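What follows is one structure encoded as C-alpha cells, with my remarks underneath.
Every value quoted in this text rests on a predicted model; they were computed, and no experiment measured them.
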Amino acid sequence: MSAKPPILIIEPFFGGSHKQLIDTLVECLNLADYEIFSLPAKKWHWRARTSALYFSQLIPPEHEYKVLITSSVLNLAELIGVRPDLVTCRKIVYFHENQLVYPVREVKERDCQYGLNEILTCLAADIVLFNSNFNRMSFLDNVQPFLSIQPDFKLKHIRERIEKKCEVLYFPIKFHAFPNKRHIMDTTEVNTEPDCLHLIWPHRWEHDKNPKLLVEVLMELIKRQVDFKVTICGESYQAIPEAFEGIQEKLGAKLINFGHLTREKYIKTLLTGDIVISTAGHEFYGVAMLEATYCGCYPIAPNKLVYPEIYPKENLYNTSNSLIKMLYNWCRNPQIFRRHRDKFFDYFTFERYSAQHLVPKYLEKMRISV
C-alpha cells in the first residue's frame, strides 16, 4: 500500500497569482508528497463563503497530512471546525490580498463577513504569510478598527494574538522563465530601438487598478502632442471598464495592443516596452509590474501602497499631474530617457523577488528540505 501524501494544498480561487504560487511551489515537490484540492477562479464571493464546507466533504477522512497550506480566501477556522482531524497539521495561510482594506466602490457595499473570516483564519493558523510588508501592516493595523464596527461589545487583544504568527514572504516570480531585454541588447551591436516610447499598462481591468486615471493621462499626452505608443493589456473578468469605452478610437494608431494577450505575445510585448505604468488605487504586491521591469521596462508607480517597498523614490509619483509631467518629459526626450533607464537597471536588483531565492524559504516554512 502506497504512503499517503503529507502535504495538503487547498486553493478555493485557483487562478491568477493564486495558481501561479502553487504551480511554482509544487515544481519543487515530488508528486507523492502533496495533494491539491481547488476550485476554479470565479465567483470569488461564493468561494469565500462556502469553500470550507465544500472542501470538508472532498478531503479524504483517512489521511496522513502533516502540513496544510492555503490562501486567505478559505475560511480555515470553519474548515477545522467541521474537520477537526486536520487540526494537528502545520497550518500555513498565504495572504495575496486582505479584505480589511480592499477597496469597494461604495462603503455600504463592504460585506464585513469577509474580513471577519480572514481574522478567524489567522487565529486558526500556525503561520500567516503576507506577500508584502504593506499587506501585513495594512491588515494588522485594521484588525481592531474593523472589529470595533461590532456595536454592543468589544473584542480585545486580537491583533496581538495574530501578529506573532505573521511574516512577510514575497511572492516568488520565475524570472528565469523570462528573457531579459538588457541581456539581449548586450549581444546586439547596434541599438535599433525606435525613438517613440512604448508605454505598457498590464493590469486587471477592474476599478481598483484605476483605468480612469490611465485614460486621463494618455488623453493629456495627446493634447500636448507628444509621440508615444501604448499597450493596454491584462485580464478582464467582466465587461470593459467604462473608462475604456471609445479608447480605441481616441488613441487610434498609438494603441498597438488592447486586451488580453497570450503568454508568448505578452512576453514579446514586454520586451518591446520602455515604461510600465501603474495607476493602481490598491496593490498588495504587483507581479505584472515586476515582470515588465525584468523584461526591461522602466517602472512608474504611485508613491503609496506596496510600491515604496519595492521601487526607488524617483520611480514614484504623488499626483496625476506629476505622472503626466514624468511621461511628457520622457516622451519628448527618448534618448535621455533610455540613458536614465540604463542607470536604473545598474542598481535595481530582482533577486529578493525571484523564485530561485524564495521557494526554499517557503519549503522551510513547510519544514521540507529541497
Closest contact, heavy atoms only, Leu140 versus Glu163: CD1-CG, 3.7 Å
Nearest heavy atoms of Glu309 and Asn133, plus distance in Å: OE2-N, 2.8 Å
Point-to-point distance, once rounded to the nearest 0.5 Å, from CG of Asn75 to CD1 of Ile119: 11.5 Å
CA sep, side-chain torsions, deciding dist, call: Tyr362, Tyr94, side-chain hydrogen bond (donor to acceptor under 3.5 Å, both in side chains): CA-CA 11 Å; Tyr362 280 85; Tyr94 195 81; 3.1 Å; yes
Separation between CG of Leu39 and CD1 of Ile10, rounded to the nearest 0.5 Å: 10.5 Å
NE2/His176: more than 12 non-hydrogen atoms of other groups inside 6.0 Å: yes
Shared hydrophobic cluster for Leu58 and Leu8 (ILVMFWY, side-chain gaps under 4.5 Å): yes
Atom CD of Glu264: over 12 foreign heavy atoms under 6.0 Å: no
Separation of Leu129 CG from Leu169 CG (nearest 0.5 Å): 5.5 Å
Gln225 atom CD, neighbour heavy-atom count above 12 within 6.0 Å: no
Minimum heavy-atom distance Leu100-Phe139, with the two atoms named: CD1-O, 3.4 Å
Mutual orientation of the aromatic rings belonging to Tyr353 and Phe348 [parallel < 30°, tilted 30-60°, perpendicular > 60°]: parallel
The single option from Val217, Leu214, Asn318, Leu316 passing side chain to side chain contact (heavy atoms under 4.5 Å, CB included) against Leu323: Val217
Axial cation check for Tyr328 ring with Arg224, 6.0 Å and 45° limits: yes
Shortest non-hydrogen contact from Val306 toward Ser132: CG2-CB, 3.5 Å
ILVMFWY cluster, Val230 and Ile256 together (side-chain gap under 4.5 Å): no
Residues Ile247, Phe258; criterion side-chain contact (heavy atoms from CB on, under 4.5 Å); working and verdict: CA-CA 9 Å; Ile247 190 69; Phe258 185 70; 3.5 Å; yes
His260 versus Ser236, side-chain donor and acceptor atoms under 3.5 Å: no
With Tyr298, the side-chain hydrogen bond (donor to acceptor under 3.5 Å, both in side chains) member among His340, Arg338, Arg341: His340
Verify same cluster id: Leu221, Ile336 (apolar side-chain graph, 4.5 Å): yes
Stepwise ring pair (Phe, Tyr, Trp, His ring centres under 6.0 Å) test for Tyr114 and His45: CA-CA 8 Å; Tyr114 303 125; His45 296 90; 5.4 Å; yes
Working for side-chain contact (heavy atoms from CB on, under 4.5 Å), residues Met366 and Leu363: CA-CA 5 Å; Met366 291 187 268; Leu363 300 182; 3.5 Å; yes
Distance, nearest 0.5 Å, that separates CZ of Phe171 from OG of Ser354: 12.5 Å
Parallel, tilted or perpendicular, as decided by the 30° and 60° cut-offs, for the rings of Tyr285 and Tyr170: tilted
Nearest non-hydrogen partners of Phe14 and Ile22, listed with the distance: CE1-CD1, 4.0 Å
From CD1 (Ile232) to CG (Leu251), nearest 0.5 Å: 6.0 Å
side-chain hydrogen bond (donor to acceptor under 3.5 Å, both in side chains) between Asn257 and Thr231, intermediate numbers included: CA-CA 5 Å; Asn257 292 294; Thr231 285; 3.0 Å; yes
Pair His63-Asp85, side-chain donor/acceptor within less than 3.5 Å: yes
Heavy-atom neighbours of Trp46 CH2 exceed 12 at 6.0 Å: no
Donor + acceptor pair across side chains of Asn98, Ser138 (<3.5 Å): yes
Test salt bridge (Lys or Arg N to Asp or Glu O under 4.0 Å) applied to Arg263 and Glu291, step by step: CA-CA 12 Å; Arg263 190 67 175 172; Glu291 288 177 345; 3.6 Å; yes
For Ser71, the option from Arg47, Glu11, His96, Glu97 that meets side-chain hydrogen bond (donor to acceptor under 3.5 Å, both in side chains): Glu11
Option passing side chain to side chain contact (heavy atoms under 4.5 Å, CB included) with Lys91 (candidates Ile80, Val67, Thr121, Leu86): Ile80
Shared hydrophobic cluster for Met219 and Tyr317 (ILVMFWY, side-chain gaps under 4.5 Å): yes
Nearest heavy atoms of Pro60 and Phe37, plus distance in Å: CD-CZ, 3.6 Å
Verdict with supporting geometry, Lys254 and Ile222, side-chain contact (heavy atoms from CB on, under 4.5 Å): CA-CA 10 Å; Lys254 292 184 183 298; Ile222 288 175; 4.2 Å; yes
Value rounded to 0.5 Å, distance of SG in Cys112 from CG in Leu147: 10.0 Å
Intermediate values then yes/no, side-chain contact (heavy atoms from CB on, under 4.5 Å), Ile162 and Leu123: CA-CA 6 Å; Ile162 293 172; Leu123 292 170; 3.8 Å; yes
Connected via hydrophobic side-chain network under 4.5 Å: Val128 and Val87: yes
